[in-house]
Amino acid sequence: METRIALIGIILDTRESVDELNHLLSQYGEYVIGRMGLPYREKGIHIISVAMDAPNNVISALSGKLGMLPGVSTKTIYGKNV
């Protein structure tokens, strides 16, 4: 199956969904190339980026599930046919 490179940007403005967020990321772990989290203490938020190499439907599914969590905002960008 053809895969795509994508980056999911996540902004977490409450700690309420941390456990579920981490659970989802571990469920999709086979597709995750890497992740980086940055606490922005002055604003009380956390910024997370997740790089993936996965089929389009897998990327969309994870991004959609993350975006439905309370206090979580996501945006996904895709590489150009890499």
Side-chain angles (χ1 to χ4, degrees):
M1 180 174 276
E2 187 174 325
T3 63
R4 296 186 69 184
I5 303 298
L7 179 67
I8 301 176
I10 303 165
I11 295 181
L12 179 63
D13 61 20
T14 177
R15 298 200 49 89
E16 174 184 350
S17 298
V18 169
D19 289 337
E20 184 62 24
L21 185 143
N22 284 324
H23 179 70
L24 283 169
L25 291 178
S26 68
Q27 278 186 321
Y28 288 83
E30 66 185 280
Y31 302 106
V32 174
I33 300 167
R35 68 187 263 192
M36 177 179 62
L38 301 168
Y40 191 4
R41 290 180 185 89
E42 291 83 10
K43 298 286 184 178
I45 63 171
H46 299 276
I47 303 162
I48 303 165
S49 59
V50 180
M52 299 183 72
D53 184 1
N56 195 50
N57 62 326
V58 171
I59 297 166
S60 295
L62 175 57
S63 182
K65 289 176 183 178
L66 290 170
M68 290 190 307
L69 295 175
V72 175
S73 301
T74 66
K75 184 71 174 182
T76 304
I77 58 172
Y78 294 88
K80 293 185 178 181
N81 299 324
V82 178

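Rounded to the nearest 0.5 angstrom, L7 CG and I77 CD1 are separated by 4.5 Å. D13 CG to H46 NE2: the interatomic distance, rounded to the nearest 0.5 Å, is 10.0 Å.
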Below 3.5 Å, can you tabulate the donor-acceptor pairs from side chains in residues 20-27 to any protein atom, sequence neighbours excluded?
unit_1: N22; atom_1: OD1; unit_2: R35; atom_2: NH2; d: 2.9
unit_1: N22; atom_1: ND2; unit_2: V18; atom_2: O; d: 3.3
unit_1: S26; atom_1: OG; unit_2: N22; atom_2: O; d: 3.4
unit_1: S26; atom_1: OG; unit_2: H23; atom_2: O; d: 2.8

Pairs of donor and acceptor atoms involving the side chains of residues 60-69, under 3.5 Å and at least two apart or interchain, shall be tabulated with distances.
unit_1: S60; atom_1: OG; unit_2: N56; atom_2: O; d: 3.2
unit_1: S63; atom_1: OG; unit_2: T76; atom_2: OG1; d: 2.9
unit_1: K65; atom_1: NZ; unit_2: Y28; atom_2: OH; d: 3.0

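Every residue meeting the side-chain contact (heavy atoms from CB on, under 4.5 Å) condition with T14, not counting sequence neighbours, appears here in chain and number order: E16. I33 meets the side-chain contact (heavy atoms from CB on, under 4.5 Å) test with I5, A51, D53; sequence neighbours excluded. With sequence neighbours excluded, no residue forms a side-chain hydrogen bond (donor to acceptor under 3.5 Å, both in side chains) with Y31.
In terms of hydrophobic clustering, with Ile, Leu, Val, Met, Phe, Trp and Tyr side chains grouped at heavy-atom distances under 4.5 Å, M52 and I11 are assigned to different clusters. Note on V72: it clusters hydrophobically with V32, by side-chain heavy-atom contacts below 4.5 Å among ILVMFWY residues.
Around CG of D19, the count of heavy atoms belonging to other residues, nucleotides or ligands within 6.0 Å does not exceed 12.
Across every non-hydrogen atom of S17 and P70, the tightest pair is OG-O, 2.6 Å.
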